[in-house]
Amino acid sequence: MSLTQSVNLLWVLVGAFMVMFMQVGFAMVETGLTRSKNAVNTMAMNFTVYPVGVLGFWLVGYGVMMGGVGGWPSLGAAFPGVHEVAITLRGYSFGVFGASRFALISAPHDASNLAMFFFSVVFMVTSATIPTGALAERWRFAAFLIYTAFVSMLLYPLYGNWVWGGGWLAGLGITAGLGHGHVDFAGSSVVHMTGGVIALAGVLVLGPRADKFRRDGTVAALPGHNLPMAIVGTLVLAFGWFGFNAGSTLSAADPQIATVAVNTLLSSSAGAFTTLLYVWHFEHKPNIGMVCNGLLGGLVAITGPCAFIGPAAAVLIGVVAGGLVPWSAGVLERRFRIDDPVGAIAVHGVCGVWGVLALGLFADGTYGADWNGVAGNVRGIIFGDPRQLLAQTVGVVANVALVFPAAYFFFRLVNRVFGNRVSAETEAAGLDGPEMGAEAYPPG
Amino acid sequence: MRTAMKAQSAGLAMLLAAGALVAHPRAAEAKSSRNAAVSVSPFGGDNSEPVRRQVTRLMRGRGLSVETSLPRVDDPTQYPSLAREHHLAAFLTGDVETRKRGRAPARQTVTFVVWNGATGAQLGRWSATGAPRRLPSVVARGFFKNLGRAFQAADPPPSPPSPPSASPPSPAPAPSSSSPAEKEAAPLAGSANVNDPPHAALSERSLVELTNQVSENHKLGMSTQTALNIVWTLLTGFLVMFMQAGFAMVETGFTRAKNMAHTMGINFLVYSIGGIGYWAVGFALQMGGVGALSTFGNDATLSSEFVMTLFGKDFGLFGTRGFFLSPEVYTAPVAALFLFQIVFMDTMAIIPTGAMAERWRFSSFVLFTFVLASFTYPIFGNWVWGGGWLSQLGHSFHLGHGHVDFAGSSVVHLAGGVAALVGAKLLGPRIGKYDATGNPRPIPGHNMALGVLGTFILAFGWFGFNAGSTLAGSDTHIAVIAVNTMLASASGAFAAYLYMKLRYGKPELGMMCNGMLAGLVAITAPCAFVTSPSAIFIGAVAGVLVIFSAMYIENKLKIDDPAGAISVHGTCGAWGILSLGLLADGRYGEGWNGVPGTVRGLFYGDPSQLVASLIGIIVCVAWVGGVTYGAFKLIDRLVGNRSSPQDEMAGLDVPEFGIEGYATDKGDVPTSG
């Protein structure tokens, strides 16, 4: 292994450690923004998603997602024994899912595979933890565990394969001539939009919390019980996000890591600042919980395009995301009566869509040579390639078409067999005692 | 941080030269092993610099090594001798022609010619036309498409004799395998040597190594050392960014629950507001004239400083390149530097929030932070780190190495402390802090656990702050810096504990936290230049100094500083700068700020270094204090600095933010219909 590959491995692993640390951020944000009577339950979901998700992804998920990838040149030599299940249409092959390296049995000591497994699994955990925020304060813990297994083994890896594992969305550039195929640098669609769409499906099946929408038509605010926790958690997420985005080059020797990191920084700042102005103007108070979500919205949106754009576009993407978050959260809550305690659908779902489309708009043709096997750099519609925007749109539609029905029917099935929702008495008393047998803040 | 550092990348300089873009890997290897560059001399015509910069960037982006220091030579017959002398593969010349017809917008045409270094023959020619502002991007689109083949065809000059091999001379009778002969024969290009067993073993091994190295560099276009330095700078920058969480926890833990959301909100938003202001204006003012970044492959994009000449000496005042990080300056090295600098600015801008907590109007905070991030901080930062006049004091007035501040005791901490002092003085104490007779009353914080955890996050992030300031993971001094940082923080906390225990009989947890932070602040400037006993000493002095200072400010000056920010960052920041002038031991800092020799303090033989440090402190206090005073007064006129007494009594969370920090579970607050 050459020195450069060693440095690259180090970079990917340190990046993965930072992404793993984002679990702390998610746990703090979600718990801080919900009520103290459910604190143990909310924390426990964020915590358990990590061990259960890692095992599920190890057993099945990694093979489905990355089983068709021959190797990562920046991390090590190509790896034999790959298999991608594909459908052949009109002479082109459309990859559907990978089928090798299940449980890492065929790659026990291959550094590049193990590093990629680590990097992929923490991304998956990020995606799987998103719906726990939207479904907090009413979800049965056992149903949540089944959900984690489902997402980590099948749902996330399937879409992940389509985009990052050599599947058909990545191949759209070759098979259909759509730009470079669906391009998602670090996961606006694969990670965040997937999580947001699952959250939406889950909320539709589970329904709102008992005291959220009153008979007289008013909406209760149900404020979170510990705002410092939520704010520190947001900063932890913003820290880990540098690993998320800059690590996704899979190469420390790629000078683009600096650009990626700065774009991430700028977009998050612009997102928070825009949300601040938005809520200050419309609600007359700088609602700091929403401003946290604005920062996260800017981060989610920049995740897809971060390597392909300049700083001005990064600020613009953050500004739009910072406006989208409070607007869509308000619309979802008041118009559609969707109860999302922490705003996960607005932050991850809506801004995830925006991030993927923004790549199709603003990619400036300075990066991404031979991305997905298509010659030349990645360009958006403004820089001369309208087909890239089309590929991005196909990716968004495919995500909704795959993830929403799958998650919806999964939740319905669990409802029928088992039950997703705690009883009304449990919900009123708080989930901590009845579900978890522990109190977060025992008196004395 | 380092404006003048030894060019240390020479050893591992770009392996890959002219061959990087070649389609045939074999040919590429043969040429790349010679490490030859392409000379890009200044172009002819008006406004040609942007195009030249663009071309240089493009070529470096493709892994070519580019030589920009040679003057233009128009006689091609001189090229072969120049090529041998400077080890060049090719010459690129360019001429820009500007046309303006009547009222139509001006058009520029640039004509490039690629000349072969070995023969002086013309290899390729290409012209591009566009509006003056668009020309660099037009060039970017077509440059390699049209001239790639020309570079490919360039012949590198004969390689200079290789240095003697480090391995012991082999007794095997293989006289023809000496390195110069091997390279002249270009064994990599063909299979001729395979027939000859001793050569085959040698050349095949080197072929494999070289192929790996070249193909990687080909893909990556950057030397491994530069890559390592950028990785180091980014990772440490992320650590510094995480200090925002530490500040938020410390300040909120040391203030009251009724102002929790307000204190947190302020700490949170510094990152965002400061980031936008620094991106738009601040970075260019601070770093726009910093010159070549020696640890990042000598990227010289930021090289425009506004200089005033007085008494025949140059005084650099502010940089003028990099506003809004426009595309032509957005190279990877600049982006890495920007990320590292912006998180430092965030740290500085967050310091005053601790001193002004629990009574500061939020809109005043927003405006104030904008001024700090886009003007106050960057100007002083330019003077010290951006090649400005304080860093040139050694060069122009023979005062040591000029004002030396390794990682920011003055630029970040003293500046933040001075802004905090001025702000807290103008804002006045919190209601209830002083009784009718003017005696201070303690107002304890609401969550010590939060404060202690935050202190530890800060101490963790500080390793990035100090050790990252080398901007080079390849500078092994990072280990010394990290250890000095750790020792000073430990001795600071311990000294604070001892002092409180001996003086008042009880250790005080909040003061221990502040003692640790004080040690960290003080070691920030001298961390690279002192021995480990000095680091312990600096930390211990800071740990006691912070207590004296806090009591003096509270009891004598009657300034109310809830989190102790003025003492921790201001007082100990000044001590850190002084300690460098006293204790720098002359083992590090060769050529710092362009002055030959290493950095020495008073006790190691250079009293003039102490004078430079003193000047740095005085200028910092005068500049930051003056600008902050003016800005704060002005903002008071515009929006009012202080929240109303009723809001302050009730707690700022609900009146200013509309939410409670720790909401109860009632859930009966209707928001809308």
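Quantities reported herein were computed from a predicted structural model and do not represent experimental measurements. Note: hydrogens, waters and symmetry copies are ignored here, and every other heavy atom, side chains too, is used.
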Which bit of [X] comes within less than 4.5 Å of chain B, counting heavy atoms only: side chain, backbone, both or neither?
X         : result
Phe213(A) : neither
Arg209(A) : neither
Ala238(A) : both
Val315(A) : side chain
Asn263(A) : both
Met229(A) : neither

Residue [X] versus chain A: region with a heavy atom under 4.5 Å:
X         : answer
Ser363(B) : both
Val366(B) : side chain
Leu234(B) : side chain
Leu339(B) : both
Glu656(B) : backbone
Val654(B) : backbone
Pro655(B) : backbone
Leu239(B) : both

**OP:** Identify whether the distance between the nearest side-chain nitrogen and carboxylate oxygen of Lys212(A) and Glu333(A) falls below 4.0 Å.
**Re:**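 Looking at Glu333(A) together with Lys212(A), the answer is yes, because their closest N to O distance falls below 4.0 Å.
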
Original post:
Do Arg35(A) and Glu137(A) meet the salt-bridge criterion of a basic N to acidic O distance under 4.0 Å?
Top reply: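 Yes, this pair counts.
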
Subject >> For Thr255(B) against Ala357(B), the heavy-atom pair lying closest together >> reply: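 Minimum heavy-atom contact is CG2-CB, 4.0 Å.
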
**OP:** Mind listing the closest non-hydrogen atom pair of Val250(B) and Thr455(B) along with its distance?
**Re:** CG2-N, 3.4 Å

Original post:
Is the Phe657(B)-Phe362(B) ring centre distance short of 6.0 angstrom?
Top reply: yes

Original post:
For the residue pair His446(B) and Tyr662(B), is the inter-centroid distance of their aromatic rings smaller than 6.0 Å?
Top reply: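 Ring centroids of His446(B) and Tyr662(B) are less than 6.0 Å from each other.
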
Subject >> Test item: His284(A) side-chain N/O and Gly658(B) main-chain N/O as donor-acceptor pair under 3.5 Å >> reply: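 No, because the side chain of His284(A) does not come within donor-acceptor range (under 3.5 Å) of the backbone of Gly658(B).
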
Subject >> Under 3.5 Å donor-acceptor, Gln256(A) side chain and Ala307(A) backbone >> reply: yes

Original post:
Applying the ring-ring contact (aromatic ring centres under 6.0 Å, His included) test to Phe324(B), which of Tyr278(B), Trp279(B), Phe338(B) qualifies?
Top reply: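 Option passing the ring-ring contact (aromatic ring centres under 6.0 Å, His included) with Phe324(B): Trp279(B).
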
Subject >> Contact listing (chain B partner; residues 273-282 of chain A; heavy atom under 4.5 Å) >> reply: Phe273(A), Leu276(A), Trp280(A)

Determine whether the side chains of [X] and [Y] contain a donor N or O and an acceptor N or O closer than 3.5 Å.
X         : Y         : value
Ser364(B) : Trp360(B) : yes
Asn229(B) : Thr295(B) : no
Asp254(A) : Tyr367(A) : yes

